[in-house]
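If you're wondering where the values come from, they're calculated on a predicted model, not measured in any experiment. All values below come from the heavy atoms of this structure, side chains included, with hydrogens, waters and symmetry mates left out.
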Amino acid sequence: LSELLRDPFATPLAKQCAAGALCNLSADPANLQALVAAGVHIRLSELLSDPQATDMAKQWALIALCNLSRDPANGQALVADGVHNSLSALLRDQPATPVEKQWAAEALCNLSRDPANGQALVAAGVHIRLSELLSPQATDMAIEHAAGALCNLSADPANGQALVAAGVHNLLSKLLMDRQETDMAIEHAAGALCNLSRDPANGQALIAAGVHNLLSELLSDQQATDMAKQCAALALWYLSRDPANLPILMAAGVYIRLSELLMDPLATPLEKQCAAGALCNLSDNPANRQTLVDAGVHIQLSTILRDPQATDMAKKWAVLALRRLSADPAN
């Protein structure tokens with residue numbers, strides 16, 4: 001079947017049937033490693049760029065590649081043989097259907113789960129194609145997979161600056177603005193932005209793009225999941241570590257949303273810990289202290305000290321912030 005896909009004399013219908021059969025075989029997890037060992041993934045990826053291949057043949061090939069990529073043991077072999085390049089090229093292919101792009105995005109998401117593949121995917125520009133998929137023309141599932149893959153790729157600090165340089169953070173931010181997206185897509189976008197904000201070298205670019213405003217708004221979104229809010233709070237903590245960002249964060253009123261999170265009975269202990277840490281960072285600048293006290297931030301911080309569910313780290317941040325606030329005689 002695999003040889004038939006490469007046969008120059010095989011008809012498009014014959015190749016379509018062969019791709020369909022291989023797709024069926026790849027549905028059984030017990031077959032996945034044997035198929036990759038035989039190089040079936042190479043023939044399937046070649047079919048994606050075959051101008052004579054039918055749409056159905058390409059769809060079978062994509063589903064099969066998606067199945068093969070679900071086995072972590074296959075990921076590095078697929079990347080080594082350049083399957084990610086074929087999948088990435090299809091994402092920019094105008095004739096490709098939304099469903100085909102959805103399968104390609106899922107396969108790339110599967111490959112991106114292995115940290116060993118991350119830098120190779122970014123070096124091939126896969127992050128750019130995935131970020132372009134974050135558009136209303138794509139299916140909800142395609143957007144979820146694309147955002148998930150970007151979240152995985154951004155988890156490697158070595159990839160962060162490349163993603164920001166390509167403007168991936170801007171498209172992730174737009175995703176947060178669209179409240180029509182699925183919870184999973186929002187979670188992945190917030191997670192990716194959180195990963196990017198971990199590198200101080202990215203902080204000012206993220207702030208300049210207004211990412212902090214969107215993350216702040218996410219904290220007060222009643223529809224947002226705990227995971228999305230947790231990522232948003234952690235990202236704001238990362239961004240507030242840079243003294244150069246503090247005046248902008250204060251001017252944007254981020255401290256209001258953070259302090260409200262401390263009083264939210266539905267917020268998780270980790271969300272409150274991140275919020276306390278970010279407020280602690282904001283209090284490090286003496287110019288911010290009176291504004292924080294005027295907003296009642298000291299009250300919210302003191303409640304953390306009495307909260308039996310609060311983590312030790314949250315209490316540590318709260319105590320340090322209160323110490324700083326009390327250092328100002330005006331307070």
Side-chain angles (χ1 to χ4, degrees), residues 173 176-177 179 183 186-187 190-191 193-194 197-198 200 203-204 206-207 210-331:
S173 297
L176 292 185
M177 293 175 64
R179 290 299 185 259
D183 288 343
I186 296 295
E187 280 184 13
L193 289 170
C194 180
S197 67
R198 222 172 15 177
Q204 293 186 35
L206 295 176
I207 292 284
V211 168
H212 58 294
N213 290 317
L214 295 168
L215 293 169
S216 176
E217 290 171 4
L218 196 59
L219 297 180
S220 58
D221 185 345
Q222 298 301 315
Q223 305 302 317
T225 66
D226 285 338
M227 183 60 72
K229 289 185 178 182
Q230 189 171 298
C231 291
L234 183 55
L236 289 170
W237 178 67
Y238 285 137
L239 293 174
S240 64
R241 291 182 304 173
D242 186 344
N245 293 335
L246 297 184
I248 301 172
L249 292 172
M250 287 295 296
V254 168
Y255 60 94
I256 297 174
R257 301 283 171 79
L258 290 168
S259 62
E260 288 173 349
L261 189 64
L262 295 181
M263 300 294 289
D264 185 350
L266 300 179
T268 67
L270 190 52
E271 288 172 37
K272 292 186 177 183
Q273 176 180 308
C274 295
L279 288 168
C280 183
N281 290 340
L282 292 172
S283 70
D284 190 39
N285 187 340
N288 297 337
R289 291 170 185 169
Q290 289 188 39
T291 301
L292 293 173
V293 169
D294 289 343
V297 169
H298 57 295
I299 300 173
Q300 277 77 9
L301 289 167
S302 65
T303 61
I304 287 290
L305 304 181
R306 302 190 298 273
D307 185 349
Q309 304 301 320
T311 66
D312 289 341
M313 187 59 72
K315 291 182 178 181
K316 178 181 177 182
W317 293 132
V319 168
L320 182 53
L322 288 168
R323 177 186 173 191
R324 289 170 176 169
L325 294 175
S326 64
D328 186 337
N331 291 337

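Minimum heavy-atom separation, Glu271 to Ala233: O-CB, 4.0 Å. The shortest non-hydrogen separation linking Lys272 to Asp307 is NZ-OD2, 3.5 Å. Between Tyr255 and Met250 the shortest heavy-atom distance is CE2-O, 3.4 Å. Closest approach of Leu325 to His298, counting heavy atoms only: CD1-CB, 4.1 Å. Taking every heavy atom of both residues into account, Ser197 and Ala235 meet most closely at OG-CA, 3.4 Å. Minimum heavy-atom separation, Ser259 to Val297: CB-CG2, 4.0 Å.
Interatomic distance, CG of Asp328 versus OG of Ser283, reported as 11.5 Å (0.5 Å rounding). Here the CD1 atom belonging to Ile304 is positioned 4.5 Å from the CG atom belonging to Leu262, to the nearest 0.5 angstrom. Interatomic distance, CG of Leu218 versus CG of Asn213, reported as 12.5 Å (0.5 Å rounding). Between the OG atom of Ser216 and the CG atom of Leu258 there is a distance of 6.5 Å, given to the nearest 0.5 Å. Annotation: the span from Thr225 atom OG1 to Ile186 atom CD1 amounts to 9.0 Å, rounded to 0.5 Å. Rounded to the nearest 0.5 angstrom, Leu322 CG and Ile299 CD1 are separated by 11.0 Å.
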As a quick check of understanding, evaluate side-chain contact (heavy atoms from CB on, under 4.5 Å) for Leu236 and His212, giving each step before the final call. CA-CA 7 Å; Leu236 289 170; His212 58 294; 4.1 Å; yes

Test side-chain contact (heavy atoms from CB on, under 4.5 Å) applied to Leu219 and Glu260, step by step: CA-CA 9 Å; Leu219 297 180; Glu260 288 173 349; over 6 Å; no

Would Gln273 and Leu270 satisfy side-chain contact (heavy atoms from CB on, under 4.5 Å), going step by step from the backbone distance to the final call? CA-CA 5 Å; Gln273 176 180 308; Leu270 190 52; 4.0 Å; yes

Stepwise side-chain contact (heavy atoms from CB on, under 4.5 Å) test for Leu249 and Ile207: CA-CA 8 Å; Leu249 292 172; Ile207 292 284; 3.8 Å; yes

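The environment of CG in Asp294 is crowded: more than 12 heavy-atom neighbours from other residues, nucleotides or ligands sit within 6.0 Å. Counting heavy atoms of neighbouring residues, nucleotides and ligands inside a 6.0 Å radius, atom CE of Met227 does not exceed 12 of them. For Lys315, the NZ atom sits in a packed shell: over 12 heavy atoms of surrounding residues, nucleotides or ligands are nearer than 6.0 Å.
At least one donor-acceptor pair under 3.5 Å links the side chain of Arg324 to the backbone N or O of Cys280. Side-chain N or O atoms of Asn281 include one that pairs as donor or acceptor with a backbone N or O of Trp237 at under 3.5 Å.
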